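Worksheet: the structure to be examined is printed underneath.
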2 protein chains.
Amino acid sequence: MCHAGGMRADARKNYDHLLEVARGIVAEHGADASLRDIARRAGVGLGTLYRHFPTREALLEALLRSSFGDLTARAEHLGRSVPPGEALLTWVRECTRFTTTYHGVTQVMVAAIEEPDSALHASCVELRAAGARLLSRAQDAGAARPGTDGTDLFALIAGLAWLGDQPALAPRAEHLFDVIAVPALGGHDVVGATVHADHELPTTG
Amino acid sequence: MCHAGGMRADARKNYDHLLEVARGIVAEHGADASLRDIARRAGVGLGTLYRHFPTREALLEALLRSSFGDLTARAEHLGRSVPPGEALLTWVRECTRFTTTYHGVTQVMVAAIEEPDSALHASCVELRAAGARLLSRAQDAGAARPGTDGTDLFALIAGLAWLGDQPALAPRAEHLFDVIAVPALGGHDVVGATVHADHELPTTG
DNA sequence: ACCTGAACACCGTTCAAGT
DNA sequence: ACCTGAACACCGTTCAAGT
C-alpha cells in the first residue's frame, strides 16, 4: 500500500498513534467502536482520523492487513507441507479463530467481498482464493466433498466465526467446529474420532 | 401474555397501531430500526412506545410471538406425521427461512437464549426445546448423528439464518443449507442426491 | 392511566477556518 | 499539507408536565 510513502512527519506520527489506539479500542468494543472515541483517546481531531481513514473499513483494513497476509501465506505453506484434507481443516480452523479476534469483523468481511469499493475487498478476495486452492486440492485428493467452491468455504468460515462471536455460543466454538465444519468438508466418513486429532492447537495465533 | 387485558381503549388503540407500523418498519430496516422513527410514523409520542414496549426485545417479541408459536407447533406436527430424519431437516429449513424474515433478528435470538430477562427468552428456549425433541427422535432412529444437542441445533439454524441474511450470500442460501446443514445433521451417508428432495418448498411461510 | 415532547448524552460525517 | 472542532442530522433513554 501507499500509506508509508510521502507523509509529513507529524502526519505519519498521527497515523501511527491513531492505529495503535484504534487497535486497543476495537479489540475492546469491536468493529462498531466509536470513531469519535478513538480520535479522542488518540488526542487528535476527528477530522484527522477521517483524513487518514476516510472510512471505517479503511481503518479496519489497516488493523487487519498483516493478519490477512499471514493467513494467505499460511494457506500456501500448509498446501505444500501437509496432506490435503488436514491442510484444509487446519486452515479453516485458524481462519475461524482469527476472525474472532475483533468482535463483529465477520459481518464486515462478508460484506466486503461483494463491494469492490470496500477497503477490505482485496484482502477478502485474496483470502477466499487461498481457501479455494486448498479446497480444490483436497477435492482432487478425495479428502473433501465435491460440489463446493471458495465462496462456500468462505461462508462456512464466516458462519462459524460469527457463532464463535456470540457470547452465548463462544464456549462451544470448538465443538461446533467439529459438528458443523468437519462433516461439511469431509469427503470420507468422518463420524469417527480420527478428525479430532489437532484439537489442542496453541491459541497463540 | 397479559397485553390484551385491562388496557384503556385509547392505550389499546395505540398499542395495536404501534405494532402494525413497527411491523412494516422492522421488515424494511431490520431489528435495528429506529424506535423514534416507529413512534413518529405511528403518530405517537416516543414515551408511548416505551410505555408499551419498555425494551426493543419486547417490541420484537410482540412482532414474532405468533410465528414462534407456529414453529413450535410445526415441530410437534412434523414429529408425528413424518419420518424422523425428514422431519428434522424440514423443520430446520423452515426455521432458517423464518429467521430471515426480519434482518438482524438472528443475533437477538441467540443473545436472548442466555439472558433470562430478555422478552424473547421464553420463546427461544421453547424453540430450542422443540428442536431438541426432533433431534433426539432422529438420533434414536439413526437418522441423525449422535453427539449433538438442542443448543447445537439452535446454533446451526442461527448460523445458516445469519448467512442467509448477508446480501452477499443470500442467493446461495439453499445451496449452503445442503452443504452445511445436511451433512451436519445426517446420520447416514448423505453425499448422494436423495436429500435434495424437498428443495422446492413454497416460500409462502 | 395514559400521553407528550423536551432534555441529555451520545453517534457519524462534513467542512470552514486555522497553522 | 495537515489539523481542529463546531455544525448538522441523527440516535436511545428518561422524565417532568400535562390530560
Side-chain angles (χ1 to χ4, degrees), chain A residues 2-22 25-26 28-63 103-105 107-108 111 115 117-120, chain B residues 2-22 25-26 28-63 103-105 107-108 111 115 117-120:
Chain A
C2 44
H3 303 273
M7 246 192 281
R8 228 167 59 179
D10 54 344
R12 163 104 247 168
K13 196 178 158 189
N14 277 337
Y15 179 92
D16 291 338
H17 188 224
L18 224 22
L19 212 51
E20 184 191 328
V21 170
I25 295 185
V26 172
E28 193 179 357
H29 292 87
D32 297 326
S34 161
L35 299 179
R36 229 191 199 87
D37 198 22
I38 293 172
R40 200 158 32 209
R41 292 214 222 172
V44 141
L46 197 41
T48 303
L49 187 150
Y50 274 93
R51 160 171 284 265
H52 287 301
F53 308 103
T55 190
R56 180 174 235 108
E57 266 105 347
L59 177 58
L60 290 174
E61 196 275 334
L63 288 179
H103 294 294
V105 119
Q107 188 138 17
V108 187
E115 289 186 49
D117 293 341
S118 167
L120 282 162
Chain B
C2 46
H3 303 272
M7 246 193 279
R8 229 166 61 179
D10 55 344
R12 161 105 249 167
K13 196 177 158 191
N14 277 337
Y15 180 91
D16 291 339
H17 188 224
L18 224 22
L19 211 51
E20 185 190 328
V21 170
I25 296 185
V26 172
E28 193 179 357
H29 292 89
D32 296 326
S34 161
L35 300 180
R36 229 193 200 86
D37 198 23
I38 293 173
R40 198 158 35 207
R41 292 214 223 174
V44 138
L46 196 42
T48 302
L49 187 149
Y50 273 93
R51 160 171 282 267
H52 287 302
F53 309 103
T55 190
R56 179 173 237 112
E57 267 105 346
L59 177 59
L60 291 174
E61 196 275 335
L63 288 178
H103 293 295
V105 120
Q107 188 137 16
V108 187
E115 288 186 49
D117 293 341
S118 168
L120 282 162

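Letters go in sequence order (proteins before strands), and every chain restarts at 1. Computed from a prediction, not measured in an experiment: that's the story for all the values here. Any value given below was found using the heavy atoms of this structure, including those in side chains, with hydrogens, waters and symmetry copies removed.
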Legend entry - Backbone of B:Asp32 reached by a side-chain donor or acceptor of B:Arg56 within 3.5 Å: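 Confirmed, B:Arg56 side chain pairs with B:Asp32 backbone.
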
Legend entry - Student check: side-chain heavy atoms of A:Val21 and A:His17 closer than 4.5 Å: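 Yes; the side chains approach each other to less than 4.5 Å.
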
Looking across every strand, which nucleic acid part, if any, lies under 4.0 Å from [X] by heavy atom: base, sugar-phosphate, or nothing?
X       : value
B:Ala9  : nothing
B:Ala39 : nothing
A:Arg56 : sugar-phosphate

Inset, instruction - Output the distance between atom CG (A:Leu120) and atom OG1 (A:Thr55), rounded to the nearest 0.5 Å. - result: 9.5 Å

Legend entry - Inter-residue atom distance B:Ile38.CD1 - B:Phe53.CZ, 0.5 Å rounding: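 Answer rounded to 0.5 Å: 9.0 Å.
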
Inset, instruction - Starting from the 5' end of DNA chain C, give me the residue, A:Arg40 or A:Pro54, whose nearest nucleotide shows up first. - result: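 The residue closer to the strand's 5' end, by nearest nucleotide, is A:Arg40.
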
Legend entry - Interatomic distance where CZ belongs to B:Arg51 and P belongs to C:dC2 [whole Å]: 6 Å

Inset, instruction - Quickly work out the A:Asp37 CG to C:dG12 C1' distance and round it to whole Å. - result: 13 Å

Just compare [options] and give me whichever is closest to any side-chain atom of [X].
X       : options              : value
A:Ala11 : C:dC11, D:dC3, C:dG5 : D:dC3
A:Leu35 : C:dT13, D:dC2, C:dG5 : C:dT13
B:Thr48 : D:dC2, D:dT13, C:dC3 : C:dC3
B:Val44 : C:dG5, D:dC3, C:dT4  : C:dT4
B:Arg8  : C:dC2, C:dC3, D:dC3  : C:dC2
A:Met7  : C:dC3, D:dC3, D:dC2  : D:dC2
A:Arg36 : D:dC3, C:dC3, C:dG12 : C:dG12

Legend entry - Base paired to D:dC15 (Watson-Crick or G-U; both N/O distances under 3.5 angstrom): C:dG5

Inset, instruction - May I ask which nucleotide in the shown strands pairs with D:dC10, Watson-Crick or G-U wobble, both distances under 3.5 Å? - result: none

Legend entry - Minimum heavy-atom distance B:Leu35-B:Leu49, with the two atoms named: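 That would be O-CD1, 3.6 Å.
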
Inset, instruction - Look at B:Asn14 and C:dC3 and indicate whether a side-chain polar atom (N or O) is within less than 4.0 Å of OP1 or OP2. - result: yes

Inset, instruction - Assign each of B:Leu46 and A:Gly45 to its nearest nucleotide of DNA chain D by heavy atoms, then name whichever residue's nucleotide is nearer the 5' end. - result: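 Nearer the 5' end of the strand: A:Gly45.
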
